[in-house]
Amino acid sequence: MTSSSPVKEVARAPMSSSTYDLRRVDETLYEIPADARPDMRVPARVFANESLLAAIGRDASLEQLQNVATLPGIVEAAYAMPDIHQGYGFPVGGLAAMELPDGVVSPGGVGYDINCGVRLLALPVTDGDLGTRREALVHELARAIPAGAGKTSGRANGTALEEVLLEGARAVAERDEDVELAESGGRLPGAEVAVVSERARQRGAGQLGTMGSGNHFVELQRVDAVLAPAAGKAFGLSPGQVTVLIHSGSRGLGHQVCTDYVRRMDAVLGRYGIELPDRQLSCAPASSPEGRAYLAAMAAAANFAFANRQEIANRVRRAVERVLGRDAERGTRQVYDVAHNVAKVERHGDRELLVHRKGATRAFPPGSDDVPDRYRDVGQPVLIPGSMGTSSWVLAGSSGSLERSFGTTCHGAGRQLSRTAAKKQVAGGDLRRELEARGIVVRSPSNAGLAEEAPLAYKDVDGVVEVVERAGLAERVARLVPLGVVKG
DNA sequence: ATGTAC
């Protein structure tokens with residue numbers, strides 16, 4: 001598409017971040033009106049409460065959200081979840097739905113870690129059954145799953161990598177159930193190998209089944225409470241039960257895909273008459289050659305991430321077998337797998353939309369076609385990792401999500417301090433000892449990496465999920481507390 | 001997030 005691009009003729013300098021006309025719309029929703037800036041096409045809306053807004057106001061994320069509201073083809077509003085924080089161009093915790101075929105796709109609206117996401121496994125044992133074997137299990141998890149920047153596993157080179165890019169989780173799944181109980185069946189359609197650069201493929205080769213660094217982790221947990229019994233039962237979660245939460249993405253491959261297409265789209269902005277308040281919002285019409293190539297490469301990188309979490313799950317099961325035996329391995333079930341950095345084509349009402357979710361999770365309600373049969377009556381499982389040492393949550397999508405946020409909810413606690421600010425305030429070694437003193441087994445190669453992920457660097461995850469429940473986007477099902485954590 | 005600067 002070329003001449004029909006819905007581009008508004010505007011050019012202006014980025015706003016100062018000092019003042020916002022942030023109006024309270026209702027108990028959980030705040031809005032910066034579209035007339036706050038001449039270049040905004042739609043309002044900027046954030047789900048929050050007063051105390052979370054105080055943390056949000058300290059970075060540039062609301063200015064970034066207004067920048068998103070200027071993008072060609074955006075419908076209704078640029079939305080943010082209560083875990084919003086500053087990101088590359090788009091805020092993390094952001095949601096932007098573009099009307100197809102003329103709206104844009106923006107790599108920054110997906111993020112550098114394409115299909116960063118979360119998978120939850122439920123073991124057939126309780127914390128009591130595990131007893132003193134807890135430390136051994138965390139140790140085996142750490143041995144089985146390479147962690148840290150640039151780490152490799154040697155898995156998936158050559159033709160095996162191509163199959164991963166096209167088929168996603170099923171390329172390495174050992175059980176059909178793992179594929180059925182995953183968002184989009186663990187595979188995004190439309191992936192192509194040729195649009196993924198040679199360099200991206202080289203970076204991904206050998207990285208399947210690795211965790212990475214930053215906020216990625218594999219955590220051993222206990223179900224601390226089940227708040228919604230029917231959904232808890234459907235998801236196979238009961239109090240005291242042991243779970244493993246996997247948080248990882250597309251590693252170097254997805255990072256390179258984002259780098260490649262940010263640059264490629266930046267070079268052709270003029271061709272499509274697109275003017276941006278921030279070059280990090282680099283984008284192209286979804287139906288243009290550049291837009292279509294990005295979407296095919298993004299799907300391939302998303303499939304790599306689905307397969308990566310699958311291979312990590314395979315390795316978790318082997319660690320479970322070594323420590324707890326064959327029956328425990330056989331009884332370890334996958335609850336679900338969610339993507340929280342991806343753009344998807346979805347029909348909402350009578351419109352076909354490209355929904356960018358960056359640090360935001362799909363949360364389809366009960367009755368949705370794209371929710372597995374076994375969960376159809378209670379809604380899509382939503383997996384919310386907390387910060388290190390704090391609770392994580394299992395939610396279920398609610399009907400309000402389709403009415404208010406294109407079927408979307410939050411993705412985590414959300415940063416309130418940058419990585420560098422966190423490192424200044426916390427010594428990694430002290431944090432490690434503090435967690436161990438609380439009985440949480442920690443395995444990580446890097447104290448500096450640990451410090452970046454200190455709980456004080458994050459907003460209160462319990463407050464975040466309370467807001468999305470009050471907003472009607474998702475319902476709290478179960479709280480998970482850490483027993484041990486393996487980090488990069 | 002990331003071969004944490006091509």
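Worth saying up front: this structure is predicted, and the values here are computed from it rather than measured. Sequence lines set the chain letters: A, B, ... in the order given, protein chains first and strands last, and positions in each chain run from 1.
- Under the 6.0 Å cut-off for aromatic ring centres, His340(A) and His247(A) qualify, their centroids lying closer than that.
- Heavy atoms of Glu452(A) sit nowhere under 4.0 angstrom from any nucleic acid atom.
- Each of Arg263(A) and Ser250(A) lies near DNA chain B, and the nucleotide nearest Ser250(A) is the one positioned closer to the 5' end.
- As judged by a 4.0 angstrom heavy-atom cut-off over every strand, Gly249(A) is placed among residues making no nucleic acid contact.
- Note that CG of Asp460(A) and CG of Asp83(A) are 12.0 Å apart. Values are rounded to the nearest 0.5 Å.
- Judged by a 6.0 Å distance limit and a 45° cone about the ring axis, Arg292(A) is not positioned over the six-membered ring of Tyr294(A).
- Straight-line distance from the NE2 atom of His255(A) to the P atom of dG3(B): 7 Å, rounded to whole Å.
- Ring-plane geometry between Phe47(A) and Tyr79(A) is classed as parallel, the angle between the planes falling under 30 degrees on a 0 to 90 degree scale with a further cut at 60.
- Listed in residue order, the members of residues 144-163 of chain A having a heavy atom less than 4.0 Å from DNA chain B are Ala149(A), Gly150(A).
- As judged by a 4.0 angstrom heavy-atom cut-off over every strand, Arg199(A) is placed among the base-contacting residues.
- In terms of phosphate contacts, Gln207(A) brings no side-chain nitrogen or oxygen within less than 4.0 Å of OP1 or OP2 of dT2(B).
- Ring orientation note: the planes of His356(A) and Phe90(A) are close to parallel, at an angle under 30° on the 30°/60° scale.
- Under 4.0 angstrom from either OP1 or OP2 of dT2(B) there lies at least one side-chain N or O belonging to Arg251(A).
- Looking at heavy-atom distances under 4.0 Å, Glu453(A) makes contact with sugar-phosphate atoms alone, never a base.
- Nearest nucleotide to the side chain of Arg203(A), out of dC6(B), dT2(B), dG3(B): dG3(B).
- Checked options Arg170(A), Arg333(A), Arg317(A); the residue passing with Asp178(A) is Arg317(A) (criterion: salt bridge (Lys or Arg N to Asp or Glu O under 4.0 Å)).
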